[in-house]
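Single-structure report; data block below.
Numbered from 1 within each chain, the chains take letters A, B, ... in sequence-line order. Keep in mind that this is a model prediction, so the values were computed, not measured.
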Amino acid sequence: MSTAEKPAVPEKPALEGLETKWQRQWEASGTYKFDRAKTRDEIYAIDTPPPTVSGSLHIGHVFSYTHTDVIARFQRMRGKDVFYPMGWDDNGLPTERRVQNYYGVRCDPSLAYDPNFQPPAEPPKQPISISRPNFVELCLRLTREDEKAFEHLWRYLGLSVDWSMTYATIDKRSQRASQTGFLHLLKKNLAYQLEAPTLWDVDFRTAVAQAELEDREREGAYHRLRFDRADADSGAAVEIETTRPELLPACVALVAHPDDERYKPLFGKDVLTPLFRSRVPVRAHALADPEKGSGIAMICTFGDITDVTWWRELSLPVRAVIQPNGTLKPLTWGDAGWESQDAAAAQKAYNEIAGQSTNKARTRIVELLREAGALIGEPRPIMHNVKFFEKGDRPLEIVTSRQWFIKTIEFRPALIERGRQLQWHPEYMRVRYENWVNGLNGDWCISRQRFFGVPFPVWYPLNKDGGIEYARPIVPDQSRLPIDPSVDVPDGFTSAQRGQPGGFAGDPDIMDTWATSSMTPQIAGGWGEDDDLFTRVFPMDLRPQAHDIIRTWLFSTVLRSHLEHNSLPWLHAAISGFVTDPDRKKMSKSKGNVVTPFALLEEHGSDGVRYWAASGRPGGDTVFDPSQMRVGRRLAIKLLNASKFVLAKPEPLGPITEIADRGMLTRLADVVDLATTSLASYDYTPAMEKSESFFWFFCDDYLELVKARRYGDHGEAAAGSANSAMLLALDTLLRVFAPFLPFVTEEVWSWWKSGSVHRAPWPVAREVLGPIGGGDPHAADVLMEGCRVLGEVRKRKSEEKKPLRTPVVSATIRAPQQNLDLLDEVWRDVSASGCFQASPRKEVSETFESVYELGEPEPKQRTPA
RNA sequence: GGGCGGUUAGCUCAGCGGUAGAGCACCGGCUUUACACGCCGGCUGUCACAGGUUCGAAUCCUGUACCGCCCACCA
């Protein structure tokens, strides 16, 4: 299938419509179909990031997914069978939130399923409460719509995905993999359940993981409070500073540094909390910072993570006041755990804040403290960082609840080692991973008190009194997975026994979205259900992703693979940066600076947008820049037109003998080598850049230089040499550009070749140099000298404001001997291209000060051949 | 507080030990038989700053400043 009989070169080639035309053709021909008959070493497997379908796609997605596609296309042309599925992340809170707003509904798990429920056409002001199954149905309905829109965009962008291999993080396969993985961990005692203080979002009313935290700067204030000594004989008081005085009723101790001379005498002694008159000990702990506040802090259950550490390490009692909804719980002072030297006064004070949110309670308790004389001075306003759930609106609290955890902390050294085995692109991103692993302060909490997600495949027996026996979970046989314990019944029970004493109860929680996403290599690779496929693709070759989710997605995937398979999930991680606006801020929906990607693809062409994306180096943030897209579009158009010119004579017409042709191919071979090296090392940017600059040289200098000869001005052999050389160059260039500009290269390829350029072999220098018997650096020097002189002539004509076809009547070329010698060898082409009417005088000179005398341009052109 | 990137022409960036580069923008030309969605030419810089290594530094080392980001037990 060398060349077609007659090339179908359009009269006026254009980019418009190529996206639609070729995405259809690729689908019809199965161009990107994965061939599962191949063995692991013949396969290049990609663990695609499943985009969150409930969010909208923005230009950042187009940017980073293009990078992956460039690599995929390169590897495919290198002969690998590319395993490139697409996933959709439809699991979790973002979907829930979108469904709530889109349909105007709220999930109420206590309601029964209504098979006839249909959401109203317009979301009502007052949300409708619906059952969990109804809610999940709406989630699935909406995500299906979103997924269609995403796929449409991806196809239009030209991602070379095998679209028969999509998965969604909520689908049956994902649920099965997710639940299987969980049960394995449970069996190996690597997953466990614990009632413990947990980071808690009071609006979503769910536990969240450390990886989902973010700091936000908020106003706060230092309040200096006086604690009296409990021993009657001592009047000396202790002063502490706190930003959260409303937690005073939850105070269980004071703490200072063991070496702090100021407080040493107090260690082991008791003090009384103001207002509530609870007796609490003064303790020593190395985490207390003598420089902060007054050097002594109050420990509450629980104000922050440090409180949890102190509480655990000092074996302090629990005195919790924050409820799951963020308000202070009602309680009776004087009861066990709530001892007070003056229960009546404590109760009176507490009643002022009970049931209130932390903010309101804070305001009120400050007034009470002031009245009681326990507030020293006035609160001093400060700005400080407060921990938030990244999707939340109010500061996180710490609430004690029963949650599932995956053991993480004990594997830190092994995980660091895994990170070192992984090849990072760019290399410095490894540091972020190590920072994260080293900073972990607890096991991974994977349970969420939400509705749309993968349920825990666990039931619990109920004892005679109907109490849940958490210590004896009932798990299903693997063959039953996936299951929903709120619907399915454990073996040996009947559904009538649900919730009955002596019966069973399903675990009500769902898994954190990352608990499922951390298994994308297993899900996409068919782990547990198509093990033949799995062994062919796992461990995968590439995980492409952005740097903001190293601590979540990348980390958790490495962890799960380490625990499940004792291996890395992939060999390479390619980390892309962000798209920023011109002020260097990340473009995001919340900042209101996003641009709809589809409009950009239509305006600049997918190839144009991909060109801009490919200019962003791995790991580097890139400015959103439509002018670069225009440059890419121009490049694509230039490819069409140059190809049309080259393909005017689509058959090689003879051996490549002319020196300019040999020089051009020699330079091209260098470009091929460089592009290959750069792409093979995941550094696609130089490949694009060098190919592009060579191509413009090819068009504007080389083609102009040999044009006349190619038209036959110097005989058939000379014309044939040019023709054969430019055909070979075009063939090579189309393949080099194919990963970056898949549409235009495929279009041109179709004019004269059969099959897809994207299945053509990646070019190698040997093939380019074969017809000229190897590289010829001298020929390249000759070519460049010819171009240099041509440049001088053009400059002269431009300065004289004359057309380029203006003849050079006479010339004196001054240059070093070496240059003059080179020029001699290519003079015929230079003379024709520069319109020299006579041979120039040549003078040896160390400087280049040639003189060109211009004549009058010929009024009439010769007719085309 | 610790760390990672970055700082080169108005803009976006390449160069990473040997006389400062590209594209865009801007200005001036040119209907040249592939392309006016084009072509030719021009203008533009104490390579953030300060030291050091070197025959020679944008390039290597040390420090400083600023920008962006990551991490941290921020009472």
What is the pairing partner of G68(B), taking Watson-Crick or G-U wobble pairs with both distances under 3.5 Å in any strand?
C4(B)

Could you measure between the two C1' atoms, the one in C13(B) and the one in G29(B), and give it in whole Å?
28 Å

Nucleotide nearest P803(A) (side chain, heavy atoms from C-beta), chosen from C35(B), U12(B), C30(B):
C30(B)

In this structure, OG1 of T243(A) is separated from OH of Y222(A) (nearest 0.5 Å) by 7.5 Å

Considering the options I299(A), T301(A), I305(A), which one meets the side chain to side chain contact (heavy atoms under 4.5 Å, CB included) requirement together with W310(A)?
I299(A)

Interatomic distance, M688(A) CE vs A22(B) P [rounded to whole Å]
18 Å

Nearest-Å distance once atom P is located in both C40(B) and A22(B):
14 Å

If each of A14(A) and S693(A) is mapped to the nucleotide of RNA chain B with the nearest heavy atom, which maps nearer the 5' terminus, i.e. the 5' end?
S693(A)

Just how far, in rounded Å, is C1' of U31(B) from NZ of K797(A)?
16 Å

Aromatic contact between H257(A) and Y263(A), with the criterion being ring centroids under 6.0 Å apart: yes or no?
no

Atom pair distance, as rounded to whole Å: NE2 in H547(A) and C1' in G3(B):
15 Å

CE (M688(A)) and CH2 (W612(A)) are apart, to the nearest 0.5 Å, by 14.0 Å

Given atom CH2 of W612(A) and atom C1' of G23(B), what is their separation to the nearest angstrom?
17 Å

Quote, to the nearest angstrom, the P distance that separates U8(B) from C67(B).
15 Å

Assigned partner base of C60(B), Watson-Crick or wobble definition, under 3.5 Å
G52(B)

Answer yes or no: does atom CD of Q818(A) have more than 12 heavy-atom neighbours from other residues, nucleotides or ligands under 6.0 Å?
no

Which pairs, protein N/O on one side and nucleotides 39-42 of chain B N/O on the other, fall under 3.5 Å?
| from | atom 1 | to | atom 2 | distance (Å) |
| --- | --- | --- | --- | --- |
| C39(B) | OP1 | K638(A) | NZ | 2.7 |
| C40(B) | O2' | R794(A) | O | 3.4 |
| C40(B) | O2 | S798(A) | OG | 3.1 |
| G41(B) | O4' | S798(A) | OG | 3.4 |
| G42(B) | OP1 | K795(A) | NZ | 3.2 |

Value in whole Å for how far the C1' atom of C37(B) lies from NZ of K12(A):
8 Å

Would you check if there is a donor-acceptor pair between the side chains of N359(A) and R362(A) at a distance under 3.5 Å?
yes

Crowding at CD, E846(A) (>12 non-hydrogen neighbours, <6.0 Å)
no

Tell me which nucleotide, if any, is Watson-Crick or G-U wobble paired with U19(B) when both distances must be under 3.5 Å.
none

Taking the same atom, C1', in A50(B) and in C66(B), what whole-Å distance lies between them?
15 Å

K801(A) NZ - C30(B) P separation (whole Å)
8 Å

Side chains of E11(A) and K644(A): does their closest heavy-atom pair fall under 4.5 Å?
yes

Ignoring hydrogens and angles, state whether a donor on the side chain of Y611(A) or E692(A) is under 3.5 Å from an acceptor on the partner side chain.
yes

Rounded to the nearest 0.5 Å, what's the gap from CG on L554(A) to CE on M429(A)? Could you check?
11.0 Å

Using the C1' atom as the point on both nucleotides, what is the distance between U12(B) and U7(B), in whole Å?
14 Å

What distance, rounded to whole Å, do you find between the two C1' atoms, one in C24(B) and one in A57(B)?
30 Å

Would you mind telling me which residue lines up with the more 5' stretch of RNA chain B, K644(A) or S627(A), judged by nearest nucleotide?
S627(A)

Between R709(A) and D661(A), does the salt bridge (Lys or Arg N to Asp or Glu O under 4.0 Å) criterion hold? Intermediate values first, please.
CA-CA 11 Å; R709(A) 172 156 61 82; D661(A) 306 333; 2.9 Å; yes

Evaluate the side chain to side chain contact (heavy atoms under 4.5 Å, CB included) criterion for residues F645(A) and L730(A): first the C-alpha distance (whole Å), next the side-chain angles of each, then the deciding distance (0.1 Å), finally the verdict.
CA-CA 11 Å; F645(A) 175 69; L730(A) 180 65; over 6 Å; no

Among R788(A), R796(A), K795(A), R794(A), which one satisfies salt bridge (Lys or Arg N to Asp or Glu O under 4.0 Å) with E792(A)?
R788(A)

Could you tell me the separation between the CG atom of L15(A) and the P atom of C35(B), rounded to a whole number of Å?
16 Å

Let me know the distance between NZ of K802(A) and C1' of G28(B), rounded to the nearest Å.
16 Å

Return the polar atom pairs (N/O with N/O) between nucleotides 14-20 of chain B and the protein under 3.5 Å, or none.
| from | atom 1 | to | atom 2 | distance (Å) |
| --- | --- | --- | --- | --- |
| A14(B) | OP1 | R617(A) | NH1 | 3.2 |
| A14(B) | O2' | E689(A) | OE2 | 3.2 |

Pairwise C1' distance for C43(B) and C11(B), with rounding to whole Å:
16 Å

Look through every strand shown and name the nucleotide pairing with C26(B) as Watson-Crick or G-U wobble, where both distances are under 3.5 Å.
G42(B)

Distances under 3.5 Å only, N/O to N/O: pair up the protein atoms with those of nucleotides 71-75 of chain B.
| from | atom 1 | to | atom 2 | distance (Å) |
| --- | --- | --- | --- | --- |
| C71(B) | OP1 | R551(A) | NE | 3.4 |
| C71(B) | OP1 | R551(A) | NH1 | 3.0 |
| A72(B) | OP1 | Q210(A) | NE2 | 3.1 |
| C73(B) | OP1 | N441(A) | ND2 | 3.1 |
| C73(B) | O2' | T306(A) | OG1 | 3.3 |
| C74(B) | N4 | D215(A) | OD1 | 3.2 |
| C74(B) | N4 | D215(A) | OD2 | 2.6 |
| C74(B) | N4 | K387(A) | NZ | 3.2 |
| A75(B) | O3' | E241(A) | O | 3.4 |
| A75(B) | O3' | T243(A) | N | 2.9 |
| A75(B) | O2' | E241(A) | O | 3.3 |
| A75(B) | N7 | K292(A) | O | 3.0 |
| A75(B) | N6 | D289(A) | N | 2.8 |
| A75(B) | N6 | D289(A) | O | 2.1 |
| A75(B) | N1 | D289(A) | N | 3.0 |

What integer number of Å spans the C1' atoms of G38(B) and U33(B)?
15 Å

